[in-house]
Amino acid sequence: MVSTGNELLDVTLLSLYVSGMATILGSAIGIPLGALIGLKEFGGKGAVKTLTYTLYGFPPVLSGLVVYYMFSRAGPLGDLGILFTPTAMIIAETFLVIPLVTGITITSVVEVDRSIKDTVKALGASPSQSIITVMREAWVGLVMACMIGFGRVIAEVGAAYLVGGNIDGETRVLTTAIMLETRMGHFEWAMSLGIVLLSVALMVFLFLRLLQEREML
Amino acid sequence: MKTAIALEDVSKKYNGVVALKGASFAVSKGEVFGIVGPSGAGKSTILRIMDLLEAPTKGRLLIDGQYVAQTDARAETVRRNIGMVLQKPVVLNRSVANNLGYSLMIRGWDEHRIAEVVDAELKRLGLHGRRRTNARNLSGGEMQRLCFARATVHAPSMLLLDEFAANLDPANVSLLENQVQEYMREDGNRTVVIVTHNMFQAKRMCTRIALIWDGEIVEIADRKKFFENPEDARTAAFVSGESVY
Ligand SMILES: Nc1ncnc2c1ncn2[C@@H]1O[C@H](COP(=O)(O)OP(=O)(O)OP(=O)(O)O)[C@@H](O)[C@H]1O
Ligand SMILES: [Mg+2]
């Protein structure tokens, strides 16, 4: 049970750590991937986009299940022994972040006006310089992608529970703690944890929002 | 004089809509070549093809003695040697100084030299006081001056200018026109192609002028002939400012 201030702090920090790392990793993969899909011409582009958007609906519990299997003793990566650790949780959550960030990045870079893309090209930018410049023009959308990715995993319980196991002091995060407290009938505690969860999410969103609105110079 | 750029029977269709029909002409080094014609005639299309932004549906483009297509590996190098001002002035979401420095940054100039050149150029354009503001906050005319400077700051060997002084007040129009003339004076091997709907500007600046009408080149003549003694009735009507639609 999360009963002391220290424990509450640990649980909150772990929530932030797992969701934050998953968002960073997922964005580090999803943003470049989305930019390439959005800006490069290649065969099957439509199908790749559709697949990406379809994966928005990927169920967290399924991501948890796959990662669970991979790292379970019988699974191919069982020897690593990372099941029921924050690392396993980060991996499962990262898979949930990637499609969202990729998809929103695709939309953001595609939406950058053709006149900007033409201008960049006309000024003499190489294809890779163009992509980087267009990504910068799509800044608001890219930060939005990170926000939505973070929003998904900080609030998520299925994957965190499956591969983390809600172990006290090790893999317990805010969402899994709330589940446990509720089941044990500690509604007030659960509610308080809920408020902490909400506050943490709001604070991160506020930070990202400021980053988004930052004036470019 | 040596040919700087030439179109050989170039046509362009946009999803079946014909924008350009078999245009052929050559522009020599040292020339300020004008392209005039009514709205929708295909002027921007020609210029965009010259800058390899648009691939012709048919025909070929010759630059500096070599055929070049948009898909060639050389295309990027060729484009880097051209300064193009697009019809719609577009600034990047960054400071005025960094917009101007962008052209130099992508060419791998080192930071100190960029800062020096940008500073001098902004002073020349009367934008130095605004160098740290985001360029999106500039007025339309200021943006246009910035776009002009950004296309010319790296001293390309050819300039393609699409309505580069439209919507500017007379003082700024002559500021930019003088810059073009100075650009030409600095090196006799340079070339400028100007698209304009402003007859007076064409008369002031161009050595040779082409009239394009409904995707077709109607007449190409030296300035004097073009304005005083054109062959085609449409040219006569156009230069006298009669209705052209
Ligand atoms: N990307 C495009 N897709 C479809 N049609 C286009 C495209 N670009 C131009 N066109 C059409 O091609 C024709 C020529 O256009 P272009 O922009 O070259 O005209 P213009 O002479 O520059 O006109 P203006 O003086 O108004 O700028 C027009 O009918 C235009 O609608
Ligand atoms: Mg035009």
Side-chain angles (χ1 to χ4, degrees), chain A residues 27 31-32 34-36 38-46 104-147 207-217, chain B residues 44 47-48 50-54 70-71 73 75-109 130-137 143 146-156 159-162:
Chain A
S27 303
I31 289 177
L36 286 179
L39 297 172
K40 284 265 175 203
E41 296 307 325
F42 57 92
K45 181 165 169 162
I104 298 168
T105 301
I106 293 175
T107 312
S108 306
V109 297
V110 167
E111 287 293 307
V112 170
D113 202 79
R114 203 180 85 115
S115 63
I116 293 183
K117 292 169 183 161
D118 277 349
T119 299
V120 168
K121 211 168 158 185
L123 289 174
S126 68
S128 54
Q129 287 170 332
S130 298
I131 290 177
I132 289 169
T133 308
V134 170
M135 283 168 77
R136 199 180 139 141
E137 294 297 308
W139 174 253
V140 171
L142 302 193
V143 178
M144 165 88 84
C146 299
M147 286 167 102
F207 168 74
L208 288 171
R209 175 82 191 127
L210 292 175
L211 197 66
Q212 195 174 36
E213 288 291 289
R214 198 182 57 130
E215 199 186 13
M216 293 267 194
L217 287 177
Chain B
S44 297
L47 225 53
R48 293 170 60 85
M50 286 177 150
D51 198 32
L52 304 167
L53 292 175
E54 216 83 68
Q70 210 186 4
T71 47
E76 194 186 310
T77 320
V78 170
R79 202 189 282 117
R80 282 204 170 188
N81 228 339
I82 300 175
M84 166 120 184
V85 175
L86 292 162
Q87 184 165 12
K88 181 178 171 189
V90 172
V91 294
L92 299 171
N93 185 12
R94 54 185 81 190
S95 72
V96 171
N98 286 339
N99 259 276
L100 187 50
Y102 183 80
S103 297
L104 306 176
M105 192 260 287
I106 56 176
R107 285 173 176 76
W109 287 37
R130 315 229 44 199
R131 65 190 179 282
R132 290 206 187 87
T133 26
N134 186 301
R136 289 185 179 185
N137 299 328
M143 263 185 215
L146 176 59
C147 289
F148 178 83
R150 200 178 49 184
T152 51
V153 68
H154 52 92
L159 281 187
L160 306 174
L161 308 173
D162 199 346

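Quick note: numbers below take in every heavy atom, side chains included, and nothing from hydrogens, waters or symmetry partners. Treat the numbers as computed from the prediction; the structure is a model and nothing was measured. Here is the naming used below: chain letters follow the sequence lines, and residue numbers restart at 1 for every chain.
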### Query
Counting heavy atoms not belonging to A/M144, are there more than 12 under 6.0 Å from its CE?
no
### Check: A/R136 side chain, B/L92 main-chain N or O, donor-acceptor pair, under 3.5 Å
no
### Task
Would you mind checking which part of B/N134 comes under 4.5 Å of any heavy atom in chain A, side chain (CB onward), backbone (N, CA, C, O), both or neither?
both
### Summary
Okay, B/R136 and chain A: the region with an atom under 4.5 Å from a heavy atom over there is side chain
### Sidechain-backbone polar pair: A/W139 side chain, A/L211 backbone, donor-acceptor under 3.5 Å
yes
### Message
Please classify the contact between A/E215 and chain B as side chain, backbone, both or neither, with a heavy-atom cut-off of under 4.5 Å.
### Response
side chain
### Message
Using modelled atom types and a 3.5 Å cut-off, is there a donor and acceptor pairing between side-chain atoms of A/K45 and backbone atoms of A/G38?
### Response
yes
### Query
So which part of B/D51 gets closer than 4.5 Å to some heavy atom of chain A, the side chain, the backbone, both or neither?
side chain
### Task
Find the one option among B/R150, B/R107, B/K88 whose heavy-atom pairs under 4.5 Å with chain A are most numerous.
B/R150
### Query
Heavy-atom distance under 4.5 Å to chain A: side chain of B/T77, backbone, both or neither?
neither
### Straight-line distance of A/T119 OG1 to B/M84 CE, nearest 0.5 Å
9.0 Å
